[in-house]
A.B. asks: 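First the structure, which I've put down as structure tokens, then a few questions once you've had a look.
The shown structure was predicted, so the numbers you read here are calculated from the model rather than taken from an experiment. Quick note: residue numbers are just sequence positions, from 1. Indexing begins at 1, ligand by ligand and atom by atom, following the structure's order.
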Amino acid sequence: MENDFELKTTDFEEDRYSRLRLIPWWDQNRLKNATIMVVGAGAIGNELIKNLTLLGIGKILVFDMDTIENTNLTRSILFRAKDVGRYKAEIVAERATEINPDVKAKAFVANIIDDVGLGVFRRMDVVLGGLDNREARLSINQACYRVNKPWIDGAIEALNGFARVFVPDHGACYECTMTETDWMLINKRKSCALLTREQMAEGKIPTTPTSSSVIAGIQVQEMLKLLHSDRNLPTLAGKGYVFNGLTHDSYVVEYQRKEDCMSHDTYEKIIEKHWSAKTITWREVLAEIRNDLDDNAIITLDRDIATVARCSCGEQKELFMPVHKLKGEMLTCPKCGNQMSFDSIHRINGEENFLDKTPFETGIPLLHIIGGKVGMETTYFEFSADEKEVFEGLEEKQ
Ligand SMILES: [Zn+2]
Ligand SMILES: [Zn+2]
């Protein structure tokens with residue numbers, strides 16, 4: 001039989017990865033050179049990172065905002081009792097580099113919906129989700145589609161779970177799979193967000209270390225196949241692997257792609273600019289975009305930014321943060337205690353009174369991508385100078 005995979009002399013050397021290399025289509029260099037994002041460092045996230053670490057994935061970026069609680073210890077191989085109270089993301093990143101010094105892992109205590117620029121997603125090979133809420137999944141799905149990156153979702157409940165793979169333009173995306181109930185739950189969460197976000201944490205789901213290891217194992221195996229996409233391996237793109245641990249049933253479902261789905265927007269052309277969201281001003285950004293495109297170009301944003309809160313008593317205060325991040329108490333008038341209303345923007349035309357602020361000061365994350373719009377045409381620009389700060393500590397060893 002003809003073998004199209006070239007065997008190198010290094011394939012026969014016994015190093016840490018030599019048993020993995022015995023798999024005919026395996027290319028350890030791809031794993032070493034891969035950059036993978038893990039969102040959520042809970043039960044599934046621990047198993048994802050354990051697998052990525054053992055496999056020698058070169059760069060792992062972990063996003064999670066929570067701290068470790070006692071109850072996490074039954075499902076999280078990377079946590080120790082002494083870690084209670086520390087950030088999950090920081091602990092898993094530390095443990096990953098302890099387990100395999102070839103791996104570079106970096107923790108981000110950040111909200112995936114608001115705090116992560118699209119340019120971060122753009123630099124990933126695959127995004128892995130270990131999440132417990134729909135809103136974050138929807139946000140990751142949109143971000144991945146905008147920059148044309150695959151993502152793999154995992155979900156568990158008791159002894160069951162499923163893993164789903166979403167590849168832009170290969171079948172259904174996450175939003176395509178959403179049912180009316182999913183939307184209802186998201187909207188319920190959103191509408192209550194201004195008042196009782198704390199109370200709206202999604203219901204506590206029973207999970208086990210056994211189902212999380214099964215599902216995270218499938219997710220990482222699918223990631224491996226995506227990293228070897230030229231090997232013609234069967235993948236789960238647009239499909240879900242469903243595992244029922246109680247009845248031992250497992251099967252693959254294929255999701256219907258919805259042509260009217262709102263998440264299939266992929267940015268055609270992204271221009272890297274030597275801008276940092278922390279130092280350049282909106283005025284300078286607009287001038288450069290107008291210089292590149294047209295004197296009448298405007299800036300478009302992929303999110304609503306709350307600019308100023310106003311009270312009927314005349315009191316005003318600056319907000320400058322994504323509307324999604326607003327909490328009830330931020331809109332309580334400091335003068336009279338009434339509820340304040342707020343202004344929000346998702347485009348900048350040059351008439352704004354905050355043009356001398358930096359994008360970062362107005363709630364835009366590092367390494368984000370914004371639009372420059374002329375008529376119906378939008379060109380995308382990235383704050384590429386932020387790459388240095390975001391990826392600091394993940395550089396190759398010399
Ligand atoms: Zn879709
Ligand atoms: Zn007031």
A.B. asks: For Gly240, is there any backbone N or O sitting under 3.5 Å from a side-chain donor or acceptor partner on Arg164?
C.D. replies: no
A.B. asks: How wide is the angle at the Zn ion (ligand 2) spanned by Cys311 SG and Cys333 SG, rounded to 10 degrees?
C.D. replies: 110°
A.B. asks: Using 30° and 60° as the class boundaries, would you call the ring planes of His228 and Trp25 parallel, tilted or perpendicular?
C.D. replies: perpendicular
A.B. asks: Angle subtended at the Zn ion (ligand 1) by SG of Cys261 and SG of Cys173, to 10 degrees?
C.D. replies: 110°
A.B. asks: Is there a donor in the side chain of Glu288 and an acceptor in the side chain of Trp275, or the other way round, less than 3.5 Å apart?
C.D. replies: yes
A.B. asks: Consider only side-chain N and O atoms of Gln28 and Trp26, and report whether a donor and an acceptor are under 3.5 Å apart.
C.D. replies: yes
A.B. asks: Just to confirm my numbers, could you give the angle made at the Zn ion (ligand 1) by SG of Cys176 and NE2 of His264, rounded to 10°?
C.D. replies: 100°
